[in-house]
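Heavy-atom basis, side chains included; hydrogens, waters and symmetry copies ignored. To find a chain, count down the sequence lines: A is the first, B the second, and so on, and within it residues start at 1.
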Amino acid sequence: MAPENPSHPSENDLPYVLILKPPPSFVIFGDRFFNSTKFRFLKAYESPLPLAHFLLAHAQSVQAILSSGGAPVTADTIRLMPLLRLVVTTSQGLNHIDLSECRRRGIVVASAGTIYSADCADSVVALLIDVLRKVSAADRFVKQGLWSSQGEYPLGSKLGGKRVGIVGLGSIGSEVAKRLEAFGCSISYNSRKKKPFCSYPFYLNVRELAANCDALIICCALTDETHHLINKEVLSALGKDGVIVNIARGPIMDEKELVRCLVEGEIRGAGLDVFEHEPDVPNELFALDNVVMSPHNAVFTWESFEDLRKLVVGNLEAFFSNEPLLTPVGLDDQPHFSG
Amino acid sequence: MESIGVLMVCPMNSYLEHELEKRFNLFRFWTVPEKSAFLATNKNSIRAVVGNSSAGADAELIEVLPKLEIVASFSVGLDKIDLAKCKEKGIRVTNTPDVLTDDVADLAIGLMLAVLRKLCESDRYVRSGKWKKGDYRLTTKFTGKKVGIIGLGRIGMAVAKRAEAFSCPISYYSRTEKPEIKYKYYPGVVELAANCDILVVACSLTEETLHIINREVIDALGPKGVLINVGRGPHVDEPELVSALVERRLGGAGLDVFEHEPEVPEELFGLDNLVLLPHVGSGTVETRQAMADLVIGNLEAHFLNKPLLTPVV
């Protein structure tokens with residue numbers, strides 16, 4: 001056995017970070033993506049044991065979990081890890097983590113912070129321009145060779161001057177507002193609470209916001225309160241000239257109702273990055289030119305993944321060095337999501 | 001005014017046709033089977049021509065219409081009008097500036113986002129059912145990318161203002177430097193291309209700007225660079241562009257215009273780093289109506305001896 005250098009502890013002394021399922025970055029970049037000299041990973045998914053058995057056998061002294069949207073941290077998991085003190089997540093949303101249980105146990109949660117906000121906001125603008133100006137539909141038209149045979153393409157609708165209603169004016173919502181103002185849009189919003197020092201008009205309920213805007217943008221978290229927030233009433237208030245864009249979470253919309261409205265022409269169009277049962281998408285949408293769909297990739301850029309890598313490694317290294325976390329979440333402020 | 005002959009050279013907008021018919025004696029040139037015979041018969045009653053970005057008034061047409069007083073273009077671009085000939089003959093020319101600036105700039109940004117974030121390809125991916133088999137691959141972030149603008153007129157400035165909201169550093173090339181503008185100026189297009197991530201053509205088409213995007217510029221823009229053209233097809237040496245895209249020497253392109261519309265090089269159809277649009281820069285209900293109103297307003301003003309709304313000549 002090689003002699004150990006005290007200033008370079010061997011791999012075997014490094015604290016463990018539990019991973020329940022491989023995060024998207026492992027799938028894309030391989031499982032060394034978050035490597036560090038300060039910790040090592042315990043991969044539950046590489047074991048044939050059922051999770052509960054695995055945790056009892058191997059995770060009793062593990063203090064940290066690296067979670068992602070597809071790897072929920074449930075109360076059951078938390079209860080099987082007596083020394084758990086930190087959950088770091090790679091996703092923007094927190095709805096896959098039992099925040100009440102974390103709060104009860106004093107477990108700290110570290111989020112993605114604002115690293116995805118620019119990409120998310122860019123996706124919103126991309127989807128909105130695409131729906132109003134028929135970019136994807138017209139691209140299909142040209143690439144199918146139809147321009148020379150069918151002539152002029154149908155007219156779209158001008159973005160400038162549109163009233164934009166943002167549901168959830170957090171980091172992403174604010175970045176959306178800043179961008180769309182440059183296009184001459186007027187901004188209003190609905191949020192859990194009115195934001196101080198914010199000059200955009202505030203609407204106490206989403207139905208009223210929808211009634212007073214031309215484009216409704218969903219940028220809020222998925223919680224018990226926001227499940228099916230966008231329902232028949234809200235879509236009806238948005239009306240036949242209204243457009244909806246959702247880059248947040250599928251279950252915030254009543255998807256069946258949305259599909260019905262789109263098929264029957266009760267709203268102008270939709271830009272959707274998220275769906276209730278991903279990767280299943282309602283087939284009725286495939287026949288519609290006024291719907292633009294993307295496969296939940298609003299934050300999937302090379303740049304965001306590099307920012308994520310630095311953030312996750314930074315949070316975990318800070319934790320194991322007893323230094324302040326980079327992006328701790330204030331759990332007292334978080335609404336509940338029962339999953 | 002019903003006896004004033006107005007020759008519309010190609011179909012462009014039914015609202016405009018309808019409004020012109022109410023006021024003038026409208027001739028729809030594209031419905032005429034024998035054009036020379038038609039012109040010989042009607043040349044003395046035609047006092048106005050209405051054109052657009054596809055067809056306008058070249059020297060040949062102007063020569064054949066001795067009573068022509070005004071050419072009103074349903075476009076801001078004037079490349080289909082022989083301006084020198086019009087000046088020579090005292091023929092007025094009007095276009096439709098300002099009303100379409102926002103739409104064209106919006107589309108330029110929409111193209112940048114669609115190309116970098118592969119939005120059209122993502123939509124194809126979902127529609128084809130491929131998402132059930134796996135995630136789509138990573139794309140390129142738009143925020144913060146360096147945007148280089150050729151032509152800092154109304155449209156160029158509007159593109160800059162929007163791109164700034166995405167924290168994009170702006171640089172430009174134009175015939176002369178504009179000292180009051182805070183963006184970085186490059187005295188040549190090749191230098192501009194070498195120093196930006198996204199190059200946007202937003203200048204007018206003239207003899208000088210024909211093929212302003214050539215092999216040298218494309219090479220300078222490079223395999224990670226993206227070209228956006230919301231100007232005119234002939235701004236770009238199209239065969240050079242096609243081979244650069246097919247050979248992956250250029251990172252991507254968003255094109256609203258082509259050298260021989262509506263023909264588009266078929267080699268481009270299968271590439272995933274391209275968004276191709278059928279010349280829809282000003283193609284919204286709101287803007288086309290505003291453009292039509294300007295054409296009508298200009299013609300009415302002319303025939304009532306009032307000042308033209310948006311004269312060029």
Check: [Y] and [X] side chains under 4.5 Å, non-hydrogen atoms:
X	Y	answer
B:R127	A:V281	no
A:K134	B:V280	no
B:H279	A:E152	no
B:L119	A:V292	yes
A:F286	B:V126	yes
B:T284	A:L155	no
A:V135	B:L107	yes

Problem set entry | Among B:V275, B:L268, B:L274, the one residue meeting side-chain contact (heavy atoms from CB on, under 4.5 Å) with A:K143 | B:L274
For this session: Would you mind telling me which of B:A163, B:C120, B:S167 has the largest number of heavy-atom pairs within less than 4.5 Å of chain A?
Result: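 Most heavy-atom pairs under 4.5 Å with chain A: B:C120.
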Heavy-atom distances under 4.5 Å only: say whether [X] touches chain B with side chain, backbone, both or neither.
X	result
A:I28	side chain
A:F141	side chain
A:S149	neither
A:V125	both

Could you tell me which portion of [X] (side chain, backbone, both or neither) has an atom closer than 4.5 angstrom to a non-hydrogen atom of chain A?
X	value
B:M12	backbone
B:Y125	side chain
B:S282	backbone
B:L116	neither
B:V264	side chain
B:D103	both
B:L271	backbone
B:E121	side chain
B:T287	side chain

For this session: Considering non-hydrogen atoms only, spot the tightest contact between A:K158 and B:V99 and give its length.
Result: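 That closest heavy-atom pairing would be NZ-O, 4.2 Å.
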Exercise. Does atom NZ of A:K256 have more than 12 heavy-atom neighbours, drawn from other residues, nucleotides or ligands, at distances under 6.0 Å?
Worked result: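 Not buried by this count: 12 neighbours or fewer within 6.0 Å.
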For this session: State whether the number of non-hydrogen atoms from other residues, nucleotides or ligands found under 6.0 Å of B:E266 atom CD is greater than 12.
Result: no
Problem set entry | Main-chain N/O of B:R162 paired to A:R179 side chain as donor or acceptor, under 3.5 Å | no
For this session: Determine yes or no for a side-chain-to-main-chain donor-acceptor pair under 3.5 angstrom, with B:R117 supplying the side chain and A:A298 the backbone.
Result: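 Looks like yes, one N/O pair under 3.5 Å.
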Top contributor to chain B contacts, counting heavy-atom pairs under 4.5 Å, from [options]:
options	result
A:D122, A:L285, A:I129	A:D122
A:A118, A:G156, A:S294, A:A126	A:G156
A:K178, A:E278, A:R133, A:E181	A:R133

Exercise. Between CZ of A:F183 and CD1 of B:I109, what distance do you get to the nearest 0.5 Å?
Worked result: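 The distance works out to 5.0 Å.
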Exercise. How many angstroms lie between atom CZ of A:F300 and atom CZ of B:R137, to the nearest 0.5 angstrom?
Worked result: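 Those atoms lie 14.0 Å apart.
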Exercise. Going through the checks in order, is the side-chain hydrogen bond (donor to acceptor under 3.5 Å, both in side chains) test met by B:T139 and A:N297?
Worked result: CA-CA 9 Å; B:T139 61; A:N297 64 351; 5.7 Å; no
For this session: Indicate whether any N or O donor in one side chain lies under 3.5 Å from an N or O acceptor in the other, for A:E303 and B:T140.
Result: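 No pair is found: no donor N or O on one side chain lies under 3.5 Å from an acceptor on the other.
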